[in-house]
Every structure is written in structure tokens, then in C-alpha cells.
Protein chains: 2
Amino acid sequence: MKPNVYAADCPTRRILDRVGDKWAVLILLLLREEPMRFNQLRRTIEGISQKMLSQVLKSLERDGLIKRRAIATVPVTVEYSITQLGVTLAGAVDPLRDWAEQNLKDVLAAQRRYDSQQKEEAA
Amino acid sequence: MKPNVYAADCPTRRILDRVGDKWAVLILLLLREEPMRFNQLRRTIEGISQKMLSQVLKSLERDGLIKRRAIATVPVTVEYSITQLGVTLAGAVDPLRDWAEQNLKDVLAAQRRYDSQQKEEAA
DNA sequence: GATATCTAGTTTCTATTAGTTACCAAAGAA
DNA sequence: TTCTTTGGTAACTAATAGAAACTAGATATC
């Protein structure tokens with residue numbers, strides 16, 4: 001009864017797409033360390049815009065992976081924290097991050113090989 | 001000496017982006033099962049266009065994750081197969097796929113909760 | 001002989017999405 | 001008075017994903 005991950009309508013693929021999100025995983029890993037506020041996240045993640053951050057936080061909350069808590073201070077404080085479900089997903093992402101760190105050199109070397117061969121063929 | 005995954009120029013993030021690619025992981029998992037030809041892949045992966053398939057195959061080859069082998073038949077046959085490096089990456093993706101399969105129900109439930117609450121607030 | 005088929009792509013164009021910039025309200029500080 | 005802070009939103013633009021048509025070269029069909 002294995003779901004067919006290659007079919008267009010496979011619900012598992014919807015989740016893989018979600019995880020594939022450029023910023024989502026980064027945010028999840030950060031919030032696993034400690035709860036954080038909106039602008040704190042923005043400053044930590046280089047290159048993310050307010051709009052994207054707001055958007056991704058909303059979708060992560062919708063998926064039940066993080067929690068949003070607004071505190072009535074002035075100006076208002078909004079704290080984001082990871083949920084139990086989010087922690088398990090972050091755990092599943094760890095092997096991937098480890099792989100990236102261990103194999104980065106090999107990938108870069110492969111890219112250089114490929115690029116120099118392409119240049120050769122063009123000449 | 002931990003790389004800062006949250007910095008814009010972190011090379012590890014380049015790889016996470018790569019893995020985050022919608023089709024790349026799907027193709028990698030397929031080729032781990034058995035080598036496949038271009039149109040065979042296209043038919044198996046529902047919803048992928050020829051352009052995207054061609055593009056993703058090229059970038060996977062560039063990263064040294066798959067191999068391309070053209071056989072001089074008529075019409076020409078091109079076989080794609082996974083490399084050793086690709087196998088290790090696919091292995092790191094497995095926990096993610098397992099997580100998706102196990103927790104899909106919870107995610108969908110969270111989405112329904114969120115959506116109905118939004119509708120309530122709008123009313 | 002003209003047309004259709006297979007292969008593995010590329011080209012062109014459009015729709016969607018990602019990202020940038022400017023702006024909002026409310027309150028405190030300079 | 002203007003500037004800064006909070007956590008966003010609205011409008012706009014750049015980048016990318018995807019749809020559809022086209023390519024080549026040889027073989028099969030009408």
C-alpha cells in the first residue's frame with residue numbers, strides 16, 4: 001500500500017513540496033533552537049524579505065509546524081515557537097543538512113568538472 | 001567551526017536549495033531504483049514537462065548526482081543512472097519521505113483547523 | 001515520394017511565484 | 001518634531017515554472 005510519490009495528486013508530494021520551500025526549513029531549524037520574534041528571525045536569516053518571512057511563517061503555522069503568540073505590549077510582541085510536530089520534521093531534515101555539510105566539496109568539484117567539460121565542447 | 005546555514009552566502013544552503021527542488025528529489029529516488037531513459041522518466045513522473053525534466057537532469061548531472069550515457073542507436077538512446085554520491089543523498093532524503101507519509105494526516109488536520117479559524121475571524 | 005513515428009531534447013511564450021520597495025499604526029526617545 | 005521600534009500589508013517588478021510548438025535524423029507506413 002505504498003503511495004505513489006511520482007503521481008501528480010499524491011498527498012505526500014504536497015508535503016515534500018512544502019519541505020522543499022527555500023526558507024521554511026531554515027525557519028524551522030532556527031525555531032527548534034529557541035522561540036523567536038518576527039524581526040529577530042528577519043535579522044538572523046540573511047536575505048529574507050519581510051513579505052516572504054510573513055508568508056512562510058503563516059504557512060508553517062497553517063501546517064501546524066509552528067505556533068504564533070501575540071503579546072499585547074507596545075509595540076506588539078509576536079513570538080513564534082516550534083510545535084511537537086515541527087520538532088519531528090526538523091529531525092527528519094537533520095540527515096539532509098549533515099549530508100550537505102559532508103558532501104559539499106564533492107558537489108562543488110563535480111560542478112567544476114562539468115563546467116570545464118562544457119566549455120571544452122563549445123570550443 | 002559550524003557553518004552558518006542562515007547566512008546568505010553559506011554554501012551549505014546552496015545544496016539545501018538544490019534538494020528543495022520540486023522535481024530533483026523525485027528523479028533521484030526513481031533513478032536509485034533503476035537506470036531510466038528520458039521519456040521513461042517523463043511518463044513516470046506525472047506533470048513534469050520536457051523542458052523541466054531536461055533542465056533538472058542537467059543540473060543533477062552537473063552536481064555529480066546522476067550520470068548521462070548516450071547510446072548510438074536509432075533513434076538515439078539516453079540512459080540516466082544514479083551515482084554513488086547520488087545514492088548517499090537519496091539515503092538522506094528517506095527520513096523526510098517517511099516523515100511525510102507518517103504525518104500527512106496531522107498536517108492536513110492542522111490545515112483544516114487553521115482555515116476554519118480564519119473563516120471564523122473573517123465573519 | 002510524401003507523410004507519420006520514434007527518440008531526446010530546445011525554443012518561445014505566458015502564467016505564476018518570488019522578491020523589492022514603500023507604506024501603515026501606535027508609542028517612546030532624541 | 002522627527003526618528004525609531006514593533007509586525008506586518010499593498011503594490012509593483014524580476015525571475016522562474018510550465019505549456020505548446022518546434023527541431024533533427026532515421027525508419028516505417030500509405
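Here is the naming used below: chain letters follow the sequence lines, and residue numbers restart at 1 for every chain.
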Can you check the distance between C:dT3 and D:dC22, where both ends of the measurement are the P atom (answer in whole Å)?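 Comparing P positions in C:dT3 and D:dC22 gives a spacing of 16 Å.
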Can we say [X] and [Y] salt-bridge, meaning some charged N sits less than 4.0 Å from an Asp/Glu carboxylate O?
X       : Y       : answer
B:Asp94 : B:Arg97 : yes
B:Glu79 : B:Arg69 : yes
A:Lys58 : A:Asp63 : no
A:Lys22 : B:Asp21 : no

Residues in side chain to side chain donor-acceptor pair (under 3.5 Å) contact with B:Trp99, at least two apart in sequence or another chain: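 Testing B:Trp99 for side chain to side chain donor-acceptor pair (under 3.5 Å), a comparison that skips the adjacent residues, returns A:Thr88, B:Asn103.
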Does anything in residues 63-78 of chain B come within less than 4.0 Å of DNA chain C? Heavy atoms only, and list the residues if so.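 The answer is B:Arg68, B:Pro75, B:Val76, B:Val78.
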Within residues 50-61 of chain B: residues closer than 4.0 Å to DNA chain C (heavy atoms):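 Listed by number, they are B:Gln50, B:Lys51, B:Ser54, B:Lys58.
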Of all heavy-atom pairs between [X] and [Y], which one has the smallest distance, and what is that distance?
X       : Y       : result
A:Pro95 : B:Ala92 : O-CB, 3.8 Å
A:Met36 : A:Thr44 : CE-OG1, 3.4 Å
B:Val19 : B:Val25 : O-CG2, 3.1 Å
A:Ile66 : A:Thr83 : C-CG2, 3.7 Å
A:Ile27 : A:Ile45 : CG1-CD1, 3.6 Å
B:Arg18 : B:Ser59 : NH2-OG, 2.6 Å

Value rounded to 0.5 Å, distance of CD in B:Glu61 from CG in B:Leu57: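 Interatomic distance, B:Glu61 CD to B:Leu57 CG, rounded to 0.5 Å: 8.5 Å.
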OG1 of A:Thr77 to CD of A:Gln40: how many Å apart, nearest 0.5 Å?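 The distance works out to 11.0 Å.
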Any sub-3.5 Å donor-acceptor pair from A:Gln55's side-chain atoms to A:Met52's backbone N or O?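 Such a contact is absent between A:Gln55 side chain and A:Met52 backbone.
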Kindly say whether B:Arg112 contributes a backbone atom to a donor-acceptor pair with the side chain of B:Ser116 at under 3.5 angstrom?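 Yes, because the side chain of B:Ser116 sits within donor-acceptor range (under 3.5 Å) of the backbone of B:Arg112.
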Between atom [atom1] in [X] and atom [atom2] in [N], what is the gap in whole Å?
X       : N      : atom1 : atom2 : answer
B:Leu41 : C:dT7  : CG    : C1'   : 14 Å
B:Lys22 : C:dA18 : NZ    : C1'   : 15 Å
B:Arg43 : C:dT7  : CZ    : C1'   : 10 Å

Axis-to-axis angle between the two ends of the helix from C:dA8-D:dT23 to C:dA30-D:dT1 (five base pairs per end, rounded to 10 degrees):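 Axis angle across the helix from C:dA8-D:dT23 to C:dA30-D:dT1, nearest 10°: 30°.
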Are A:Tyr80 and B:Tyr114 in one and the same hydrophobic cluster, where Ile, Leu, Val, Met, Phe, Trp and Tyr link if side-chain heavy atoms are under 4.5 Å apart?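 Looking at the clustering, B:Tyr114 is in a separate group from A:Tyr80.
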Strand contacts (DNA chain D) in residues 24-39 of chain A, 4.0 angstrom heavy-atom criterion: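 Residues of residues 24-39 of chain A under 4.0 Å from DNA chain D: A:Arg37, A:Phe38, A:Asn39.
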When you list every nucleotide of DNA chain D with an atom under 4.0 Å from a heavy atom of chain A, which one comes first 5' to 3', and which comes last?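 Going 5' to 3' along DNA chain D, contacts run D:dT5 to D:dA11.
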For A:Trp23 and C:dA18, is the shortest distance between a side-chain N/O and OP1 or OP2 below 4.0 Å?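 Result: no.
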Could you say whether B:Ile48 or A:Tyr80 is positioned toward the 5' end of DNA chain D, judged by the nucleotide with the nearest heavy atom to each?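 This one resolves to A:Tyr80.
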